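These numbers were taken from a predicted model, which means no experiment stands behind them.
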Amino acid sequence: ASLIFLNYLGWLFPKPEVCFNKYGCFKKTRVLAKLPQDPSVILTKFHLFTRGSSQSTLIDDNNQAKLRASNFKIAKRTIFVIHGFLGKYL
């Protein structure tokens, strides 16, 4: 019963901030009404598309060597497509 009560309190009084080591901390704001989940739960994947390659490269943000070996050029214009950022929160 105490575990259910603690879960209820967590829902009733959500944390105003969450922190994820290398990604930093996120606070609730007007724009960020819901706090992000832990990256280990979301399992985000980064696909790199460049004009120099006919196929995408899966980039692991823990593997800098793979990023250096890719066709990514920091001096070129970079566009990030974030699918579902303002989508429905499940």
Enquirer: Taking side-chain contact (heavy atoms from CB on, under 4.5 Å) as the test, write out the residues that go with N21, two or more places apart.
Expert: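 Partners of N21 under the side-chain contact (heavy atoms from CB on, under 4.5 Å) test: none.
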Enquirer: Run the side-chain contact (heavy atoms from CB on, under 4.5 Å) test against T78 and tell me which residues pass, sequence neighbours left out.
Expert: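 With neighbours one apart ignored, the set is F72, F80.
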Enquirer: Could I get the full list of side-chain contact (heavy atoms from CB on, under 4.5 Å) partners for I42, not counting sequence neighbours?
Expert: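 With neighbours one apart ignored, the set is Q37, T44.
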Enquirer: Let me check something: do F46 and F49 share a hydrophobic cluster, defined by ILVMFWY side-chain heavy atoms less than 4.5 Å apart, either directly or through other members?
Expert: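 No: no chain of side-chain contacts under 4.5 Å links F46 to F49.
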Enquirer: As an exercise, state the distance from OG1 of T57 to NE2 of H47, rounded to the nearest 0.5 Å.
Expert: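 Here the interatomic distance stands at 10.5 Å.
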Enquirer: Any side-chain hydrogen bond (donor to acceptor under 3.5 Å, both in side chains) pairs touching residues 63-75, not counting sequence neighbours?
Expert: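 Sorted pair list: Q64-R68.
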Enquirer: Going by heavy atoms in the side chains, are P16 and K28 under 4.5 Å from each other?
Expert: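 Not in contact.
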Enquirer: Run the salt bridge (charged side-chain N to carboxylate O under 4.0 Å, His left out) test against K45 and tell me which residues pass, sequence neighbours left out.
Expert: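 With sequence neighbours excluded, K45 shows a salt bridge (charged side-chain N to carboxylate O under 4.0 Å, His left out) to no residue whatsoever.
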Enquirer: To check you understand the geometry: which heavy-atom pair defines the closest contact between P36 and F20, and what is its length?
Expert: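 Heavy atoms only, the tightest pair is O-CZ, 3.6 Å.
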Enquirer: Hey, mind stepping through L35 and K27 against side chain to side chain contact (heavy atoms under 4.5 Å, CB included) and telling me if it holds?
Expert: CA-CA 7 Å; L35 293 173; K27 293 182 181 183; 5.6 Å; no
Enquirer: Got a second to check how far L48's CG is from I59's CD1, nearest 0.5 Å?
Expert: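 Taking CG in L48 and CD1 in I59, the distance rounds to 5.0 Å.
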Enquirer: Clusters formed by hydrophobic residues whose side-chain heavy atoms approach within less than 4.5 Å: which one holds L58, and what are its other members?
Expert: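 Grouped by the 4.5 Å side-chain rule, L58 forms a cluster of one, so the answer is none.
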